[in-house]
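Labels below follow one simple rule: chain letters A, B, ... track the order of the sequence lines, proteins then strands, and each chain is numbered from 1. Just the heavy atoms: all of them, side chains too, but no hydrogens, waters or symmetry mates, feed the values below.
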2 protein chains.
Amino acid sequence: MATSDGRDTRWEQHRQDRRRELVSHALRAIRSQGAGVGMEEIAVRAGTSKTVIYRHFGDRAGLYAAVVESVHDYIHARISERLLLADAADLGKLVADLADAYLGLVERDPEIYRFVLARPATASSPETDATVSLVDMIGNHVTAAIAGHLAARGLDDTVATTWGHGLTGFIRAAADHWMASPERPPRAQVVQHISSVFTPGFAGAMTGDT
Amino acid sequence: MATSDGRDTRWEQHRQDRRRELVSHALRAIRSQGAGVGMEEIAVRAGTSKTVIYRHFGDRAGLYAAVVESVHDYIHARISERLLLADAADLGKLVADLADAYLGLVERDPEIYRFVLARPATASSPETDATVSLVDMIGNHVTAAIAGHLAARGLDDTVATTWGHGLTGFIRAAADHWMASPERPPRAQVVQHISSVFTPGFAGAMTGDT
DNA sequence: AGCAGATACCCCGAGTATCGGGTAGTGTCC
DNA sequence: GGACACTACCCGATACTCGGGGTATCTGCT
C-alpha cells in the first residue's frame with residue numbers, strides 16, 4: 001500500500017529545501033540577535049511567520065536539533081579522518097584536531113555556539129528527553145573511536161564512555177572559559193595546553209592496564 | 001550621621017535565618033517537583049507566597065545562586081584538604097576525591113544536580129551576566145590549586161585555567177553521561193576510570209615541559 | 001485534494017504594584 | 001526616668017502586567 005501518491009511526494013523536495021533554508025536563516029538570526037532569539041524574530045528574519053517554523057520543526061527543541069546538526073556537520077567534517085585510531089598516538093592527534101575545530105567554532109561564531117550550548121529545558125520529564133546536544137554528539141564519536149580501539153585489542157570498553165565524553169567535556173569547559181576570559185590568548189596556545197595533558201595520559205592508559 | 005538606626009539593623013539575624021530556611025525549602029521543592037520547579041511552587045512549599053521569595057533573592061538567578069552556593073559547600077567540604085598540592089601526585093588524589101564527591105552528588109540528589117546545572121539564561125546581554133555556575137566555582141578552585149603549584153616552581157601559569165576548568169569539565173561530562181546511562185555502573189568504577197587518565201597525564205605534564 | 005502561509009489568539013510562568021498589618025526602636029512630655 | 005504616641009522598616013498576600021512558546025482557523029496556491 002501507499003504507492004506514493006504524487007501529490008504526497010511532490011512536496012518532499014520542497015520541504016527539504018525549505019528546511020535547509022530556514023535553518024540558514026535561523027543561523028543568521030542567532031548571529032545578529034544573540035543566542036536568546038525568539039521564534040518570532042527568527043521567523044521575521046526568514047521573511048515569514050512563526051507558523052512556518054512550527055510546521056517544519058514542531059517546536060523549539062526541533063529547531064534546536066536542526067541547528068545542532070548543522071553545527072555538528074562543521075565539526076565532524078574537521079575530525080572525521082581522525083576518528084579511526086590506528087595506535088595510541090592517534091588519540092593525541094584527534095584531541096588536537098577536535099580542540100582546534102571546537103575553539104574555531106567558538107572564535108568564529110560565538111553566538112551560534114552559545115545557542116547550541118543552551119539545551120532547551122523540555123518541560124516534560126527529563127527521562128523522556130530525547131534532545132541531543134552538540135557535545136553529546138561529539139562525545140559519542142570520540143567514545144566510539146576509543147571503544148573501537150580498545151575492542152580491537154581485546155580490552156574492556158566500559159571505560160570508553162567515560163573517556164570519550166570526559167575528553168569532550170574537558171575541551172568544552174576549556175573553550176567556555178577561554179571565550180569568557182578578557183585577554184583570550186591565541187587559540188593555538190590553548191589547543192597546545194589541552195593536548196599536553198592528553199597525549200601522555202591516554203598513551204599510558206591505553207597501552208597499560210586500565 | 002547614620003549611627004546605625006536600630007530599626008534598620010534589627011532584622012539582620014531574622015533575614016539570615018529566613019534565607020537559610022527558604023533555601024532549604026527550595027531544595028525540598030526541587031527534590032519533589034523536579035529541576036523545573038516554578039517560583040510559585042517553591043513559595044507554596046515554603047508555606048508562603050512568591051513575594052517573599054522575590055524579596056529575599058531578587059529574582060530566579062538570585063535563588064539559583066543561593067542554591068548553588070549551598071551545593072558548593074557540600075562539594076568543597078569534601079575536597080578542601082586536597083586543594084593544597086605539595087607534589088604532582090597530589091593532583092591525582094584531588095581528581096579522585098573531586099570525582100567521588102561530584103558523582104556522589106549526582107547519585108544522591110539527581111534533581112538538585114539538574115537544577116544546579118541549568119544556569120538560568122539571563123535575558124540581559126551575556127557580557128554582564130554575573131551568574132556563576134557550580135562547575136565554575138569548582139573549576140576556579142582547581143585552577144587556583146594548579147596555579148599555586150606551578151607558581152611555586154616558577155612555571156608559567158597561563159595553563160592553569162585550561163587545566164583546572166578542563167579537568168572539572170571532564171568530570172562533569174563523565175558524570176552527566178553516567179547519570180543518563182541505563183545500567184549505571186558503580187560509582188567507584190567510574191571514579192577509577194577518571195583517575196586513570198589524569199594520574200599519569202598531569203604527573204608527566206607538570207614536571208616536564210609545558 | 002491537500003498543503004503553504006498569515007493573523008489572531010491562548011497559556012503559563014517570571015516578575016511587580018499595592019495593600020494591610022505587626023513590632024521594636026526613637027522621641028517627647030510629665 | 002518612665003509612659004505615651006510615633007516612626008521606620010519589615011512582613012506577607014492578592015491581583016495584576018508582560019513576554020514568549022505554542023495553536024486554531026482562515027485564505028490561497030497549485
Using a 4.0 Å heavy-atom cut-off across all strands, classify B:Arg55 as base, sugar-phosphate, or nothing. base

Of all the nucleotides listed (D:dT23, D:dG12, C:dA14), which has the minimum atom distance to the side chain of A:Tyr54? D:dT23

Regarding A:Thr51, tell me which of base, sugar-phosphate or nothing describes its non-hydrogen contacts under 4.0 Å with the strands shown. base

Intermediate values then yes/no, side-chain hydrogen bond (donor to acceptor under 3.5 Å, both in side chains), A:Arg45 and A:Ser32: CA-CA 10 Å; A:Arg45 182 80 190 200; A:Ser32 71; 3.3 Å; yes

From CD of B:Gln13 across to C1' of C:dA24 the rounded distance in Å is 16 Å

Residues B:Asp97, B:Lys93: salt bridge by 4.0 Å N-O rule: no

Would the B:Phe170 and B:Tyr102 ring centres measure less than 6.0 Å apart? no

Interatomic distance, A:Ile42 CD1 vs D:dG22 P [rounded to whole Å]: 11 Å

For the base of C:dT7, is there a side-chain donor-acceptor partner from A:Ser49 under 3.5 Å away? no

Please report the distance, rounded to the nearest Å, between CD1 in B:Ile53 and C1' in C:dG13. 15 Å

Tell me which of A:Lys50 and B:Val37 sits closer to the 5' end of DNA chain C, going by the nucleotide each one is nearest to. A:Lys50

Rounding to an integer number of Å, can you tell me how far A:Met39 CE sits from C:dA6 C1'? 16 Å

Roughly, in whole Å, what's the span from CD in B:Glu40 to C1' in D:dA15? 12 Å

Pick from B:Glu81, B:Arg82, B:His141: which one makes a side-chain contact (heavy atoms from CB on, under 4.5 Å) with B:Leu94? B:Arg82

I need the CD-P distance between A:Glu41 and D:dG20, as an integer number of Å. 7 Å

Between A:Arg18 and C:dA4, does any side-chain N or O lie under 4.0 Å from OP1 or OP2? no

